[in-house]
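Report on the following structure.
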Amino acid sequence: MHKSFDLFFVSSNSHKYHEAKNILDLFGINLGFLKSDLKEIQSNSLHDIAIAKARDAFSKFKKPLLIEDDGLFIDSIAGFPGPYSSYVFKTIGNKGILNLVKNNRNSKFVSIITYCDKNYLESFVGKLNGKISKSQKGKGWGYDPIFIPNNSKKTFAEMNNKNELSHRYKALKKFSKWYLNK
Ligand code: IMP
């Protein structure tokens with residue numbers, strides 16, 4: 001049943017998988033999904049978290065796979081929530097973030113995509129600068145309703161072309177170039 005997939009995206013988050021699948025389809029890479037909660041280490045480095053997640057995933061599934069770790073870094077609050085974005089989303093959520101951000105609304109989304117198979121452990125970074133909106137706009141998952149990419153007037157949640165410019169797109173584009181030439 002899994003034979004037609006080139007590799008698997010391991011995550012508990014099906015939104016991330018669907019976006020990654022749409023993006024990799026553009027590069028001719030067929031991505032399967034293994035829904036799984038992976039061990040997440042406490043660290044200030046998204047890169048270290050991603051490597052630990054990829055090792056955990058490969059030890060479980062022993063197949064070529066991708067994992068992703070993301071962070072939303074907000075300038076006026078010292079890069080918070082950064083590596084703690086998932087915990088912060090679950091606790092204070094978008095409403096809590098909007099209460100913390102006042103004048104300087106600059107922020108960036110960072111995605112680390114890590115590929116692991118029996119020979120390789122490689123990471124790819126995608127960064128997208130933007131602003132935190134003044135209120136939640138549009139229906140989307142996670143921080144989508146409060147993140148406005150630079151050069152856009154719409155939040156990720158209001159856009160229909162998020163997958164053509166997101167932090168995830170940028171990291172996966174780098175990955176695809178490497179993967180297709182390896
Ligand atoms: P993690 O990589 O699962 O630790 O995710 C970090 C946090 O950022 C989670 O709360 C995600 O929901 C959120 N997040 C990651 N990427 C996106 C995105 O593209 N849109 C909205 N929220 C995101």
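Atoms within a ligand are numbered from 1 in the order they appear, just like the ligands themselves.
The shortest distance between side-chain heavy atoms of Leu46 and Phe73 falls below 4.5 Å.
Proximity of His167 to ligand 1 is established by a heavy-atom distance of less than 4.0 Å. The closest approach between Asp69 and ligand 1 falls below 4.0 Å for a heavy atom of the residue. At a 4.0 Å cut-off, not a single heavy atom of Phe147 sits close enough to ligand 1 to count as contact.
Scanning Glu19, Lys162, Glu40 for the heavy atom closest to atom 19 (O) of ligand 1 points to Lys162. The closest heavy-atom contact to atom 5 (O) of ligand 1, among the options Lys16, Lys53, Glu68, comes from Lys16. When the heavy atoms of Phe156, Tyr143, Trp141, Tyr169 are ranked by distance to atom 18 (C) of ligand 1, first place goes to Trp141.
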Verdict with supporting geometry, Asp117 and Tyr115, side-chain hydrogen bond (donor to acceptor under 3.5 Å, both in side chains): CA-CA 7 Å; Asp117 68 13; Tyr115 172 82; 2.7 Å; yes
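Interface atoms of ligand 1 facing Gly142, defined by a heavy-atom separation under 4.0 Å, are 12 (O), 21 (C), 22 (N). Close contacts of ligand 1 with Asp70, meaning ligand atoms under 4.0 Å from a residue heavy atom, involve 2 (O), 5 (O), 6 (C), 15 (C), 16 (N).
There is a side-chain donor-acceptor pair under 3.5 Å between Asn30 and Lys21.
The shortest contact between atom 20 (N) of ligand 1 and any protein heavy atom is with Asp144 OD1, 2.6 Å. Taking atom 9 (C) of ligand 1 as the reference point, the nearest protein heavy-atom neighbour is Ser86 CA, 3.8 Å. Looking only at protein heavy atoms, the nearest one to atom 16 (N) of ligand 1 is Arg168 NH2, 2.9 Å.
By the 4.0 Å N-to-carboxylate-O rule, Asp75 lies too far from Arg105 to be salt-bridged with it. Taking a cutoff of 4.0 Å between a charged side-chain nitrogen and a carboxylate oxygen, Glu19 and Arg168 qualify as a salt bridge. Between Asp70 and Lys16 there is a salt bridge, since at least one side-chain N of the basic residue sits less than 4.0 Å from a carboxylate O of the acidic one.
Looking at Asn13 next to ligand 1, no N or O pair under 3.5 Å apart turns up.
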Enumerate donor-acceptor pairs with a distance under 3.5 Å from any side-chain N or O in residues 77-91 to protein atoms, sequence neighbours excluded.
unit_1	atom_1	unit_2	atom_2	d
Tyr84	OH	Asn44	OD1	2.7
Ser85	OG	Leu72	N	2.9
Ser85	OG	Gly82	O	2.5
Thr91	OG1	Tyr87	O	2.8
Thr91	OG1	Val88	O	3.2

Scan the side chains in residues 121-132 for donor-acceptor partners under 3.5 Å anywhere in the protein, sequence neighbours excluded, and list what turns up.
unit_1	atom_1	unit_2	atom_2	d
Ser123	OG	Thr114	OG1	2.9
Lys131	NZ	Asn106	OD1	3.0

